[in-house]
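Structure record follows, encoded as structure tokens.
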Number of protein chains: 2
Amino acid sequence: MVTVHDVAARSGVSIATVSRTLRAPHRVSEETRDRVLAAVHELGYQPNRAASGLRGGRTGVIGLVVPDIENPYFSSLTKGAQASSRERGYGLVVVDTAEQADVEAAEVRAVGPQIDGIILASSRLSDAALAQLAATTTCVLVNRELVSPPSGPDAFDGAPSAASAPAGAAVPGIVVPTVTIDERAGARAAIGHLHELGHRRIAYVGGPARSWSQARRSRAIREAAQLFPGVDLIELSGYAPDADGGREAADTVLGGGPTAVIAYNDLVALGLLARWTEEGVRVPDDVSLVGFDNTYVAELSFPRLTSVGADLREFGETAVTLLLERLAGAALDEAAMHRELEPRLIARASTAPPRAAAAPARSREDR
Amino acid sequence: MVTVHDVAARSGVSIATVSRTLRAPHRVSEETRDRVLAAVHELGYQPNRAASGLRGGRTGVIGLVVPDIENPYFSSLTKGAQASSRERGYGLVVVDTAEQADVEAAEVRAVGPQIDGIILASSRLSDAALAQLAATTTCVLVNRELVSPPSGPDAFDGAPSAASAPAGAAVPGIVVPTVTIDERAGARAAIGHLHELGHRRIAYVGGPARSWSQARRSRAIREAAQLFPGVDLIELSGYAPDADGGREAADTVLGGGPTAVIAYNDLVALGLLARWTEEGVRVPDDVSLVGFDNTYVAELSFPRLTSVGADLREFGETAVTLLLERLAGAALDEAAMHRELEPRLIARASTAPPRAAAAPARSREDR
DNA sequence: CTGAAAGCGCTAACAC
DNA sequence: GTGTTAGCGCTTTCAG
């Protein structure tokens, strides 16, 4: 392992100058700088982040915690975060918690000391645990909000070793920086798209009852349905957020006689599609189908899946950006605390006018 | 941040004893041990890996480098590696190289100092680069082999700053520990399965021409085809290893008149399936379809995809195991250097006897 | 069995 | 501008 000492010896300066050359080049004469950099290059010197973190406080590494890296939603998010943090010279440690809150808590504590900040995606942690974590660590929530302190503005007394209550805790509003997706806009886009095609009887196949996303998404769908005249919403919920959940819901949802179905996410949508295809129900001829999140799996099926969501890589990038701003000590105004991404509906071949509707001929989108 | 000093103060011992209690409990009296552990627990002390790594040499962190975390193959692999390393008390840093060899090289160098060892999955690095890396770092290759030194036993002269040639370099054979999949067994399973169903004219849709996996897989398929009497193999190659590649190959491959098609991987298979479905070609009625790798996407389609592959999570676990063994200084015999996983063919609904064949009635597998 | 002390590689005051 | 020095939190001899 080549250290500052090696570089110093080779370039005939002290280790301090080596460090300075790398961290604050303008504080070093041009001549020495060149010599040092040459030595750095020749020796292939690579600063040891662990050591500099130990001394300087900053480690140059941030953490990303996801419940399930196998889920295309999170793997795309991770990809975006990875690219973005690399670009800015930060390392990224990815942790998969296998959907378990206790694993999440343990991992967060374990990596805590060696990272500058952490991004929690779809955290399974309780509000209280999150509040406590936020008091200790610089963190950013993704796809989750923490609006107010767990139990009243000054209920932090009971907290064991939470060093200090967050500065803005007394002010109502978002307490931890958050990046979310504008769920209402998404729901409006989905329902609006179907409405425009002529659908009036629309079903929503919801995810797990106690999921933060499902609660939010379901409410948004209900609100959006009100906005469009004549839309009749059939709501189901409690299905697993994967293809099996969709397969399971396939028969039931058709029972309600909808001409279009919106699924909790793309995986559920693919499950619905698979089961329907098996039974001879055709998409979009017999029923239109819309997924959520716009993951890459929407491109895998026939017909390709119309899906509404933000760009997931951008989502990851935004989270990194927000975290880095916090790390740099940005002000804590609303804009700095909360970022909401605008989802777009990507119309693919799984949506079309309902069979009976007199709608304009549709161009084949899936060619 | 709570440090050894805090724990020491609280339990009335020296910091050395705290450290000892944690690293070598048997070298501490039972009484002190209890006191220290109590303090550790009460204070929520968490050893700082960066610091202990700095001092002790070992950081307790290993790296995993993948070309594309979005690819289900690698996300499952990652999941396995993550679970396995957590279980053994190691941290895992995941790096996505976006398929770029230069990014891979840079990242490997960047994380090098702060990790104990590294797993390179489907590395895009050249043999020479790999050999050099292996000389410096403890590493394990996944889905890639490095059989002999780049250009003869003692051709390391030209290498710039490669400290020392690997110890076993003079001996022919695998130079870097490797975990791969028995590609021949996989190909035999695929062809055998189709042969048994009655297929004789079988096409293989290969991946990118210059990929290590494609070369290996293609050869294995050709060899396997020889093993079964009457099998007529049509080989294509050069398609992108994703659904678009499959869509693109769909028409061409059918031109050869096969009754069954084997795809380079599951994504390609789904692309084929999607395009065929669009065109009214039915699977498995008109043509049977087999994927490779057995990723979770094989479960997403209708019909579900017959696929051959090892358990990907286990693959990830095995890589971690092997790396940890190397780290612990295991002997360098063949078994310790190379692990080959046995793939299994998971028969799902995408394969059936060819239309004309007089084969026993098949039970509906996709119900 | 326990404590004191010497660093691991690095950065940030502080001198010169 | 550059060098000297004091640690960051931890492990590990080496004494006691």
Side-chain angles (χ1 to χ4, degrees), chain A residues 1-37 39-40 43-61 89 91 109-116 136 327, chain B residues 1-37 39-40 43-61 89 91 109-116 136 327:
Chain A
M1 160 171 286
V2 31
T3 76
V4 270
H5 290 96
D6 301 321
V7 178
R10 173 128 180 141
S11 49
V13 297
S14 74
I15 60 164
T17 302
V18 174
S19 178
R20 236 180 255 122
T21 307
L22 266 21
R23 303 293 158 199
H26 59 280
R27 302 175 51 70
V28 170
S29 85
E30 192 173 339
E31 193 207 357
T32 19
R33 197 191 315 161
D34 292 346
R35 266 213 330 281
V36 171
L37 289 177
V40 163
L43 265 36
Y45 168 70
Q46 199 71 31
N48 184 327
R49 267 182 184 153
S52 65
L54 195 53
R55 181 59 238 232
R58 283 163 288 91
T59 62
V61 176
R109 261 188 303 123
V111 298
Q114 39 260 341
I115 59 177
D116 295 343
T136 322
L327 250 24
Chain B
M1 160 171 286
V2 31
T3 77
V4 270
H5 291 95
D6 302 320
V7 177
R10 173 126 180 142
S11 50
V13 296
S14 74
I15 60 164
T17 301
V18 174
S19 179
R20 235 180 257 120
T21 307
L22 267 21
R23 304 293 158 199
H26 60 279
R27 301 177 51 69
V28 170
S29 83
E30 191 172 340
E31 193 207 357
T32 14
R33 196 190 316 157
D34 292 346
R35 263 209 335 278
V36 171
L37 289 177
V40 163
L43 265 36
Y45 168 71
Q46 200 70 30
N48 184 327
R49 268 181 184 153
S52 63
L54 194 52
R55 180 59 236 237
R58 283 162 287 91
T59 62
V61 176
R109 261 188 303 121
V111 298
Q114 39 261 340
I115 59 176
D116 295 343
T136 323
L327 249 23

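Atom set for the values below is all heavy atoms of this structure, side chains included, hydrogens, waters and symmetry mates excluded. Reminder, nothing fancy here: chain letters follow the sequence lines and each chain counts from 1.
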Residues touching DNA chain C, which here means a heavy atom under 4.0 Å, drawn from residues 2-15 of chain B: B:Val13, B:Ser14
side-chain contact (heavy atoms from CB on, under 4.5 Å) assessment of A:Val13 paired with A:Val18: CA-CA 7 Å; A:Val13 297; A:Val18 174; 3.9 Å; yes
What's the [atom1]-[atom2] distance between [X] and [N], to the nearest Å?
X        : N      : atom1 : atom2 : answer
A:Asp116 : C:dT11 : CG    : P     : 13 Å
B:Asn48  : C:dC8  : CG    : P     : 18 Å
B:His26  : C:dC1  : NE2   : P     : 10 Å
A:Leu54  : D:dC8  : CG    : P     : 9 Å
B:Met1   : D:dG9  : CE    : P     : 7 Å
B:Arg23  : D:dG9  : CZ    : P     : 16 Å
A:Arg55  : D:dA6  : CZ    : P     : 12 Å
A:Leu22  : C:dG9  : CG    : P     : 16 Å

As an exercise, state the distance from [atom1] of [X] to [atom2] of [Y], rounded to the nearest 0.5 Å.
X        : Y        : atom1 : atom2 : value
B:Arg58  : B:Leu327 : CZ    : CG    : 9.0 Å
A:Arg109 : B:Tyr45  : CZ    : OH    : 13.0 Å
B:Ile115 : B:Thr59  : CD1   : OG1   : 7.0 Å
B:Arg20  : B:Ile15  : CZ    : CD1   : 10.5 Å

A:Ser52 side chain, from C-beta outward: closest of C:dG9, C:dC10, D:dT2: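 Looking only at side-chain atoms, A:Ser52 lies closest to C:dC10.
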Per B:Ala16 side chain, nearest of listed nucleotides C:dG9, C:dG3, D:dG9: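 From the listed options, C:dG3 comes nearest.
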Side-chain (B:Ser11) to main-chain (B:Arg35) donor-acceptor, under 3.5 angstrom: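 The answer is no, because no donor-acceptor pair under 3.5 Å joins these two groups.
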B:Glu31 backbone acceptor or donor facing B:Asp34 side chain under 3.5 Å: no
May I ask you to say what [X] touches in the nucleic acid, namely base, sugar-phosphate or nothing, with a heavy-atom cut-off under 4.0 Å?
X       : result
B:Arg20 : base
A:Pro47 : sugar-phosphate
B:Arg33 : nothing

Whichever of B:Gln46 and A:Ser29 has its nearest DNA chain D nucleotide further upstream toward 5': A:Ser29
Phosphate OP1/OP2 of C:dC10 contacted by A:Arg58 side-chain N/O (<4.0 Å): no
N or O in side chain of A:Thr32 less than 4.0 angstrom from D:dG1 OP1/OP2: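 For D:dG1, OP1/OP2 do not have a side-chain N/O of A:Thr32 under 4.0 Å.
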Chi angles and distances behind the side-chain contact (heavy atoms from CB on, under 4.5 Å) call for B:Val61, A:Gln114: CA-CA 11 Å; B:Val61 176; A:Gln114 39 260 341; over 6 Å; no
Criterion side chain to side chain contact (heavy atoms under 4.5 Å, CB included) against A:Val36, the qualifying member of A:Thr21, A:Val4, A:Val28: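 Going through A:Thr21, A:Val4, A:Val28 one by one, the side chain to side chain contact (heavy atoms under 4.5 Å, CB included) with A:Val36 is satisfied by A:Thr21 alone.
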The helix from C:dC1-D:dG16 to C:dC16-D:dG1: angle between end helix axes, five pairs per end, rounded to 10 degrees: 40°
Side-chain heavy atoms of B:Pro47 within contact of B:Arg23, under 4.5 Å: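 Yes - at least one pair of side-chain heavy atoms lies under 4.5 Å apart.
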Pairwise 5' ranking along DNA chain C for A:Arg27 and A:Ser19, keeping only the more 5' one: A:Ser19
